[in-house]
Colleague: 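Got a structure for you, written out below as structure tokens; questions coming shortly.
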2 protein chains.
Amino acid sequence: MARTTGSDGERTEAAVREAAVNLIARYGYEAMSMRQLAAEVGVQAAALYRYFPTKEDLLFTLMREHMEGLRAAWQHARPIDADPAEQLAAYVRNHIAFHIERRHATHVSNMELRSLSPDRLTQILRLRTAYEKELRTILREGAEAAIFSIEDTGLTAMALIQMMTGVIVWFRQGERLSVTEVTATYLSMTMRLVGARMDTYSAARPLDLQRTL
Amino acid sequence: MARTTGSDGERTEAAVREAAVNLIARYGYEAMSMRQLAAEVGVQAAALYRYFPTKEDLLFTLMREHMEGLRAAWQHARPIDADPAEQLAAYVRNHIAFHIERRHATHVSNMELRSLSPDRLTQILRLRTAYEKELRTILREGAEAAIFSIEDTGLTAMALIQMMTGVIVWFRQGERLSVTEVTATYLSMTMRLVGARMDTYSAARPLDLQRTL
DNA sequence: GCGATAATAAAACGAACGTTCAATTAATTC
DNA sequence: GAATTAATTGAACGTTCGTTTTATTATCGC
């Protein structure tokens with residue numbers, strides 16, 4: 001046997017990506033074998049090498065596209081000419097929505113960094129740092145405008161990102177809380193954490209969000 | 001050659017544990033080979049099996065002792081008959097101090113859970129849940145006493161733990177910030193996040209901490 | 001419908017893996 | 001100082017790994 005009836009390169013590659021994200025998220029990059037991945041796709045292991053020259057190339061591609069997707073989502077969601085508080089709110093909403101929607105890909109991008117070669121690791125970290133820098137900028141501008149009360153901008157940014165990304169560890173769709181509720185609560189926690197002036201965010205805003213989201 | 005001069009079981013086992021924590025933290029459990037571990041210790045791979053029957057037993061031992069150490073540290077550090085705010089402060093201080101001191105072991109316990117067999121995974125998660133439950137209790141009691149202002153106790157507990165544990169991702173001893181400074185900032189962020197009454201924590205307390213820590 | 005090309009299968013490669021076993025030597029006990 | 005026990009080596013086992021090679025079939029352009 002060789003080429004199978006109905007086979008299609010694009011479809012196969014997409015299936016490989018999706019299966020890889022799920023398998024790596026579940027078992028880890030090292031623990032996932034190329035044969036296991038091939039079986040999940042319904043193909044022989046050798047066929048994978050038509051789309052990705054090595055296993056690490058596959059991992060790198062998944063990570064890079066995830067990070068680029070995150071930046072793109074934020075570029076699209078960011079409000080222009082908004083005050084820091086509104087920008088921060090948009091950042092939180094976008095971050096949580098993006099990560100809940102791509103739980104598995106996030107797991108891969110966060111946990112498998114050590115499996116990348118040094119220069120590829122650098123590339124991914126560069127993307128991540130650029131994204132995080134945007135949060136630091138918002139926090140700094142808010143602090144300078146005396147809208148936020150922040151002791152250390154860099155430290156606060158890291159704390160916020162860890163807190164928000166952590167949602168994917170425990171959050172499951174269809175359980176006790178909806179995405180909207182979780183986002184609203186995280187928004188008010190964020191605003192209190194940065195000492196935002198208007199405590200409107202902890203009371204009034206969550207209702208507003210029903211429409212915004 | 002066989003037994004080497006000066007060889008000592010206890011010393012070797014301790015060396016294996018330490019090397020294993022470092023190697024697993026750096027390369028991951030699956031990526032670390034028993035031969036690599038043995039070489040780090042200065043011994044042949046077969047010698048490892050005198051101390052740990054399988055590779056997974058080694059991983060499980062490291063994790064269990066880490067989690068038990070965490071609970072023990074908290075049992076020792078927890079204040080009795082203190083108000084919720086002081087208890088929460090003690091929890092934050094203990095959590096950050098413990099995790100910064102054992103960065104590598106924490107990485108292992110958090111990232112390699114998927115390499116455990118189902119029932120061992122359950123055991124570790126049970127320990128972790130018990131530890132997290134103590135934070136939820138503090139938060140609930142503080143909320144009931146109207147000392148804290150919390151929308152969702154469980155969600156807030158998870159957010160706080162993710163935020164605090166995240167310190168190990170970026171914090172390095174001897175760089176810009178000291179452990180004391182980081183802890184003080186995280187304490188004030190925590191107190192604001194839970195809406196603690198006395199904003200003494202965000203201003204006055206950090207100075208107090210120099211003595212407390 | 002025929003040639004070119006895209007997509008896959010099947011088999012094989014050497015290397016590395018976790019683990020076991022028998023042999024051997026150091027330390028301890030009596 | 002002989003017997004016992006503790007600690008380790010070195011070699012080997014079968015398995016699985018990522019990857020390569022070669023052959024074969026489906027699809028598409030003309």
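Computation of the quantities below employed the complete heavy-atom set of this structure, encompassing side-chain atoms and omitting hydrogens, waters and symmetry-equivalent molecules.
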Colleague: Kindly indicate, with the supporting measurements, whether the criterion side-chain contact (heavy atoms from CB on, under 4.5 Å) is fulfilled by A/K55 and A/L37.
Modeller: CA-CA 10 Å; A/K55 191 185 179 187; A/L37 172 57; over 6 Å; no

Colleague: Mind calculating the distance between CG (B/L59) and P (C/dT19) to the nearest angstrom?
Modeller: 12 Å

Colleague: Give, ordered by number, those residues of residues 16-33 of chain B having at least one heavy-atom distance below 4.0 Å to an atom of DNA chain D; if nothing qualifies, reply none.
Modeller: none

Colleague: Identify all side-chain donor-acceptor contacts of residues 124-143 of chain A below 3.5 Å with residues at least two apart in sequence or on another chain.
Modeller:
unit_1: A/T129; atom_1: OG1; unit_2: A/L125; atom_2: O; d: 2.7
unit_1: A/Y131; atom_1: OH; unit_2: A/H95; atom_2: ND1; d: 2.7
unit_1: A/E134; atom_1: OE1; unit_2: A/W74; atom_2: NE1; d: 3.1
unit_1: A/E134; atom_1: OE1; unit_2: A/R78; atom_2: NH1; d: 3.1
unit_1: A/E134; atom_1: OE1; unit_2: A/R78; atom_2: NH2; d: 3.4
unit_1: A/E134; atom_1: OE2; unit_2: A/Q75; atom_2: NE2; d: 3.3
unit_1: A/T137; atom_1: OG1; unit_2: A/K133; atom_2: O; d: 3.0

Colleague: Between the side chains of A/E56 and A/S115, does any donor sit under 3.5 Å from an acceptor?
Modeller: no

Colleague: Round to a whole Å and report the spacing from CZ of A/R50 to C1' of C/dA9.
Modeller: 13 Å

Colleague: Holding to side chain to side chain donor-acceptor pair (under 3.5 Å), I want the full list of residues that pass it with B/E112, two or more places apart in sequence or in another chain.
Modeller: A/R114

Colleague: Side-chain N or O of A/Y51 versus OP1/OP2 of C/dT8: is the shortest distance under 4.0 Å?
Modeller: yes

Colleague: Please give, in whole Å, the distance from C/dA26 C1' to B/E10 CD?
Modeller: 17 Å

Colleague: Any chance you could lay out the salt bridge (charged side-chain N to carboxylate O under 4.0 Å, His left out) test for B/R17 and B/E40, step after step, and finish with the verdict?
Modeller: CA-CA 11 Å; B/R17 286 165 189 259; B/E40 191 80 7; over 6 Å; no

Colleague: For DNA chain D, what residues of residues 34-42 of chain A have any heavy atom nearer than 4.0 Å?
Modeller: A/M34, A/R35

Colleague: Expressed as a whole number of angstroms, how long is the span from A/E13:CD to C/dA7:P?
Modeller: 10 Å

Colleague: Report the distance from atom CD of A/Q44 to atom P of D/dT20, rounded to the nearest whole Å.
Modeller: 17 Å

Colleague: Assess, by modelled atom type and distance only, whether the side chains of B/D57 and B/T54 contain a donor and an acceptor separated by less than 3.5 Å.
Modeller: yes

Colleague: Could you state the atom-to-atom distance from OH of B/Y49 to P of C/dA22 in whole Å?
Modeller: 17 Å

Colleague: Check this for me, if you would: do A/R50 and A/E13 make a salt bridge, where the nitrogen-to-carboxylate-oxygen distance has to be below 4.0 angstrom?
Modeller: no

Colleague: For A/H66, enumerate each residue passing the ring-ring contact (aromatic ring centres under 6.0 Å, His included) test, keeping only those at least two apart in sequence or located in another chain.
Modeller: A/F98

Colleague: Give the nucleotide from the list C/dT19, C/dT8, D/dT19 with an atom nearest to the side chain of A/V43.
Modeller: C/dT8

Colleague: Going by the rule salt bridge (Lys or Arg N to Asp or Glu O under 4.0 Å), which residues pair with B/R176 if we only count those two or more places apart in sequence or in a different chain?
Modeller: A/D152

Colleague: Among C/dT19, D/dT19, D/dA7, which nucleotide sits nearest the side chain of B/K55?
Modeller: C/dT19

Colleague: Return the value, rounded to whole Å, for the distance between atom CG of B/L48 and atom P of D/dT8.
Modeller: 10 Å

Colleague: Which nucleotide in the set C/dA10, C/dT19, D/dT8 lies at the smallest distance from any side-chain heavy atom of B/T54?
Modeller: C/dT19

Colleague: Below the 4.0 Å mark, does C/dT8 have OP1 or OP2 next to a side-chain nitrogen or oxygen of A/T12?
Modeller: yes

